[in-house]
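Ligands are counted one by one from 1 in listed order, and the atoms in each one are counted from 1 as well. Start at 1 with the first residue, then count along the sequence.
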Amino acid sequence: MNPPQSPIRLLIMAVVQEQDIENATSAAESLGAPAVYLTSTGGFLGRRNATLLIGLPKSMETSLIETLHKTCRQRVEYLTMPVEGAPMPLPTPIPVTVGGATIFALPVEHFEEI
Ligand code: 2BA
């Protein structure tokens with residue numbers, strides 16, 4: 001007989017960059033925390049990203065967050081802004097550091113797979 005599974009008590013929502021989806025989801029799965037992701041878009045840069053949803057027992061929170069730290073990288077993106085008052089619309093690229101991941105942890109009141 002299989003040992004009883006720990007109950008799902010936490011939902012981790014993590015916004016990750018597109019390039020990190022595969023590494024992050026497979027690392028979570030190898031920890032025993034299956035992940036689903038929804039494609040999403042960052043409101044500030046308008047770049048496509050993904051929001052991972054991962055349900056897990058409370059005891060796995062730290063190891064999952066460590067895993068996301070290891071698999072989600074920081075990257076510099078450039079935001080092009082027209083310079084005010086310039087005679088020509090010359091865009092000036094402004095560097096913006098994105099990531100590794102934006103993580104929310106929410107308590108789960110009820111979990112059921114039908
Ligand atoms: P974006 O909204 O496209 O933001 C991309 C990056 O731009 C952010 O990286 C941050 O470095 C910068 N940024 C965002 N808003 C800014 C502002 N008002 N002024 C100056 N710089 C700003 P991260 O912080 O790593 O966020 C990556 C993505 O995570 C975000 O993409 C957004 O989709 C999500 N995110 C971040 N904070 C969130 C929050 N409080 N709630 C929901 N989603 C969030």
Problem set entry | Residues in side-chain contact (heavy atoms from CB on, under 4.5 Å) contact with R48, at least two apart in sequence or another chain | E18
Exercise. Who pairs with S30 by side-chain contact (heavy atoms from CB on, under 4.5 Å), at least two apart in sequence or on another chain?
Worked result: none
Seminar exercise, completed: Looking only at heavy atoms, the pair that brings A24 and L68 closest together is CB-CD2, 4.1 Å
Exercise. Looking only at heavy atoms, which two atoms of T51 and S40 are closest? And how far apart?
Worked result: OG1-OG, 2.8 Å
Exercise. Are R47 and N49 side-chain neighbours, meaning at least one heavy-atom pair lies under 4.5 Å?
Worked result: no
Is there any protein N/O under 3.5 Å from an N/O of ligand 1, and what does the full list of such pairs look like?
{"unit_1": "ligand 1", "atom_1": "2 (O)", "unit_2": "G43", "atom_2": "N", "d": "3.2"}
{"unit_1": "ligand 1", "atom_1": "2 (O)", "unit_2": "F44", "atom_2": "N", "d": "2.9"}
{"unit_1": "ligand 1", "atom_1": "3 (O)", "unit_2": "F44", "atom_2": "N", "d": "3.4"}
{"unit_1": "ligand 1", "atom_1": "3 (O)", "unit_2": "L45", "atom_2": "N", "d": "2.8"}
{"unit_1": "ligand 1", "atom_1": "11 (O)", "unit_2": "T97", "atom_2": "O", "d": "2.7"}
{"unit_1": "ligand 1", "atom_1": "25 (O)", "unit_2": "G99", "atom_2": "N", "d": "2.7"}
{"unit_1": "ligand 1", "atom_1": "29 (O)", "unit_2": "T102", "atom_2": "OG1", "d": "3.2"}
{"unit_1": "ligand 1", "atom_1": "33 (O)", "unit_2": "N49", "atom_2": "ND2", "d": "3.1"}

Problem set entry | Pairwise side chain to side chain donor-acceptor pair (under 3.5 Å) hits with a residue in residues 59-71, at least two apart | K58-E61
